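Just so it is clear, the model here is predicted, and its values are computed rather than measured. Numbers restart at 1 for each chain; the letters A, B, ... are given by sequence-line order, proteins then strands.
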Amino acid sequence: MDFYSDSEFRDKTPDNQTLFKIAQNARSLIIRMVYKAKSGHPGGSLSIIDILTDLYFREMVVDPHDPNSPDRDRLIMSKGHASPALYSILSLRGYFPQELLMDFRQLNSKLEGHVHRGVPGVESSTGSLGQGLGVAVGMAMASKIKNEKYRVFAILGDGEIEEGSIWESLMAGSKYKLNNLVAILDKNGIQLDGFTKDIMPMGDISSKVRSFGWNVMEFNGHDFNDIERAMDFAKQSSDKPVFLIANTVKGKGVSYMENNPKYHGSPPASEEEFEKALNEIGAKSYEN
Amino acid sequence: MKTESLRDMYGEKLVELGKKHSDIVVLDSDLSSSTKTGAFGKEFPGRFFNMGISEQSMVTTAAGMALSGLKPFVSTFAIFLTRTYEQIRQSVCYNNINVKFVVTHAGITVGEDGATHQMVEDIGLMSGLPNMKVIVPADSVETASVMDYLVEKTKTPYYVRLSREKFPVINEDGYEFREGKNTVIRDGSDLTIFASGSMLSFALQAAENLKELAIDTAVINVSSIKPIDRANILEYAKKTGHFVTAEEHSIFNGLGSRVCEVASEEYPVPVVRVGMKDSFGKSGKSWDLFDYFHMGVSDIVAAGVKSFREEKKYETIS
């Protein structure tokens with residue numbers, strides 16, 4: 001815990017190398033969580049983890065010791081199946097002890113299978129797709145109504161945006177000029193049943209969302225320089241909400257999981273696969 | 001009997017309470033002139049949000065506002081809110097947050113607009129949700145009191161069911177709504193009619209008619225459908241031994257079902273349910289539809305006679 005203690009990040013911004021180490025550490029926790037639970041969603045957790053690392057360790061104004069502080073930035077994990085990613089990053093950031101992660105999906109644990117508000121640092125329970133962006137819209141509107149300064153981030157899946165409710169919320173975000181709202185699309189190209197391009201081709205997402213009145217930018221969701229560039233772009237918006245399209249790889253960091261729909265919702269299938277995943281992540285060198 | 005609009009009262013109370021509570025916000029989906037939230041919008045334009053014909057967005061946005069410490073009231077027609085059932089379940093009830101759903105145009109008193117707009121399954125849907133409470137005010141006086149109660153005393157999800165038509169004013173000035181408590185409007189010793197909403201005035205008329213048949217009938221207003229007043233139902237099971245339920249809703253999963261649940265668990269007595277019998281509504285004049293669907297005064301009387309003649313099937317367990 002000491003390695004990522006709050007003092008480390010209170011006064012200085014971590015460099016890309018440090019962020020990479022934290023992300024790899026989170027990756028190993030994700031693998032351990034789903035392997036221990038014998039269930040869960042590693043693919044979409046591994047694709048979003050670099051972005052989450054940047055958000056919680058560099059971008060967002062948060063205080064793990066005061067998780068309900070009124071002026072904190074909010075994050076809604078609209079793709080609530082990426083709970084291993086959010087839980088592991090919250091734990092590494094100091095919201096709760098790492099040991100709790102290994103009770104993921106167990107009966108007496110708060111770490112529900114999908115993102116649960118009972119967990120310190122979690123703003124809203126999610127899991128049924130298409131709702132988190134609306135919740136984020138409401139939070140961003142509340143920030144303006146109450147004349148507060150906090151920003152709101154929502155993480156969406158690219159399968160998730162097949163839900164019509166997402167497009168309702170895109171309309172609302174634009175109408176209310178929510179420049180304090182940043183939606184981040186984890187565009188890994190895969191959903192439960194296969195590739196998004198086969199299941200429901202969305203075409204040019206960038207122009208679709210732009211035509212809904214949002215500022216849009218695409219970036220590489222695994223490159224910390226590019227992530228930072230996207231976050232800087234988001235800060236510049238004066239009267240529009242921001243939609244960042246992260247090009248990502250489902251299962252990123254574990255060769256046999258990469259671009260394989262099977263690992264959307266399945267843990268490593270054997271001890272051998274489990275060890276292989278940890279080796280490829282370099283778990284031994286990055287875990288603290 | 002004087003009649004008053006429940007939704008007009010809702011609109012007036014929103015404005016009144018909005019003056020005192022700056023954290024009240026109101027969301028509507030293009031029906032604010034019918035739900036009467038428009039008055040709040042005129043008074044407090046910065047706290048009123050017309051979300052367009054996008055109910056899913058309306059409900060999740062309200063959830064985000066409640067999670068940020070505001071007190072959102074969400075309004076549309078009953079029929080259109082239920083299309084967001086899952087948003088209500090996940091984003092509001094599972095989070096257990098302070099979102100108030102006040103719907104209008106519930107039941108068959110929508111009248112001429114017909115079956116597509118007559119929602120008679122909503123109480124069942126909403127009562128099934130953990131953390132959700134369900135209230136059906138019987139008149140404008142009760143509507144006003146419910147609004148005070150919601151704003152002053154509660155922080156969790158509520159579903160309040162209002163109607164299009166004006167209803168007779170039955171509760172007296174100064175009446176105070178009490179969650180989980182029935183109100184005995186008229187006492188009796190042979191039969192009890194549990195009624196909600198529009199059916200309360202019909203039930204009172206039916207009780208008068210039953211008196212002529214020498215059946216001394218109690219009429220009880222059940223506005224708190226969830227939680228339900230178990231003690232009162234048990235008391236009247238013992239006291240009168242015969243029940244009728246009357247509601248402008250399906251006989252499935254509404255007031256009738258709740259009363260049957262309590263009676264069968266606590267003290268079984270014959271129950272005859274008056275309501276929509278597994279059917280959709282129909283276009284027509286609101287008050288004609290009650291007779292058409294066998295929910296009028298004479299139908300309640302017939303139900304009363306049937307229940308009263310029914311032998312108690314179980315020995316008293318005391």
Side-chain angles (χ1 to χ4, degrees), chain A residues 68-78 80 112 114-119 122-148 150-154 163-178 180-181 212, chain B residues 18 21-30 40-41 44-74 76 80-81 83-100 129-131 156-157:
Chain A
N68 297 319
S69 127
D71 56 356
R72 72 193 184 280
D73 288 340
R74 272 78 161 166
L75 182 136
I76 303 293
M77 180 58 81
S78 195
E112 276 276 318
H114 288 77
V115 168
H116 181 230
R117 192 160 80 100
V119 177
V122 171
E123 301 285 353
S124 178
S125 295
T126 49
S128 172
L129 297 174
Q131 302 191 21
L133 183 60
V135 172
V137 163
M139 289 181 157
M141 286 169 75
S143 175
K144 288 186 181 290
I145 295 163
K146 295 162 84 172
N147 223 349
E148 287 172 356
Y150 66 80
R151 302 167 74 204
V152 185
F153 296 83
E163 291 280 10
S165 55
I166 290 293
W167 300 87
E168 289 188 7
S169 295
L170 287 173
M171 290 190 281
S174 170
K175 175 183 175 186
Y176 292 105
K177 302 184 176 11
L178 302 177
N180 55 349
L181 173 61
F212 272 65
Chain B
H21 300 268
S22 61
D23 49 1
I24 291 180
V25 290
V26 177
L27 299 90
D28 205 307
S29 50
D30 194 39
F40 183 93
F44 309 105
R47 285 151 56 194
F48 175 77
F49 307 96
N50 197 327
M51 302 303 289
I53 309 171
S54 308
E55 291 81 6
Q56 301 178 93
S57 163
M58 174 170 68
V59 171
T60 50
T61 298
M65 290 174 167
L67 283 164
S68 310
L70 296 172
K71 291 182 179 153
F73 277 77
V74 173
T76 176
F80 303 128
L81 187 72
R83 74 186 287 144
T84 71
Y85 190 63
E86 206 224 341
Q87 276 80 11
I88 297 171
R89 180 183 188 273
Q90 311 269 1
S91 290
V92 177
C93 290
Y94 187 48
N95 276 327
N96 199 15
I97 49 177
N98 196 3
V99 179
K100 310 305 188 201
L129 293 170
N131 295 331
T156 54

Could I get the full list of salt bridge (Lys or Arg N to Asp or Glu O under 4.0 Å) partners for A:Arg74, not counting sequence neighbours?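 Once residues adjacent in sequence are excluded, A:Arg74 has no partner under the salt bridge (Lys or Arg N to Asp or Glu O under 4.0 Å) criterion.
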Nearest-0.5 Å distance that lies between atom CZ in A:Phe153 and atom CG in A:Asn180: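 Output value for this atom pair is 10.0 Å.
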Is the count of non-hydrogen atoms from other residues, nucleotides or ligands lying under 6.0 Å from A:Lys146 atom NZ greater than 12?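 Enclosed: over 12 neighbouring heavy atoms sit under 6.0 Å from NZ of A:Lys146.
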Could you check which of B:Arg89, B:Glu86, B:Met51 has the highest count of heavy-atom pairs closer than 4.5 Å to chain A?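 Looking at each option in turn, the highest pair count goes to B:Glu86.
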Max heavy-atom pair count under 4.5 Å with chain A, selected residue of B:Ser57, B:Ser91, B:Ala62, B:Gly69: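 Among B:Ser57, B:Ser91, B:Ala62, B:Gly69, the one with the most close pairs to chain A is B:Ser57.
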Is chain B contacted by the side chain of [X], its backbone, both, or neither, given a heavy-atom distance below 4.5 Å?
{"X": "A:Lys175", "answer": "side chain"}
{"X": "A:Glu148", "answer": "neither"}
{"X": "A:Glu163", "answer": "neither"}

Considering only heavy atoms and a distance below 4.5 Å, find which of A:Gly132, A:Ala142, A:Gly134 pairs most often with chain B.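 That would be A:Gly134.
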Need one label for B:Val59: side chain, backbone, both or neither, based on atoms under 4.5 Å from any heavy atom in chain A.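 For B:Val59, there is no contact with chain A at all, as no heavy atom is under 4.5 Å.
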A:Tyr176 and B:Phe49 aromatic centres sub-6.0 Å: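 Centroid distance A:Tyr176-B:Phe49: below 6.0 Å, so yes.
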Identify whether the distance between the nearest side-chain nitrogen and carboxylate oxygen of B:Asp23 and B:Lys71 falls below 4.0 Å.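 Salt bridge flag = yes for B:Lys71 with B:Asp23.
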Going by the rule side-chain contact (heavy atoms from CB on, under 4.5 Å), which residues pair with B:Ala66 if we only count those two or more places apart in sequence or in a different chain?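 side-chain contact (heavy atoms from CB on, under 4.5 Å) check on B:Ala66 returns B:Pro72, B:Ile97, B:Val99.
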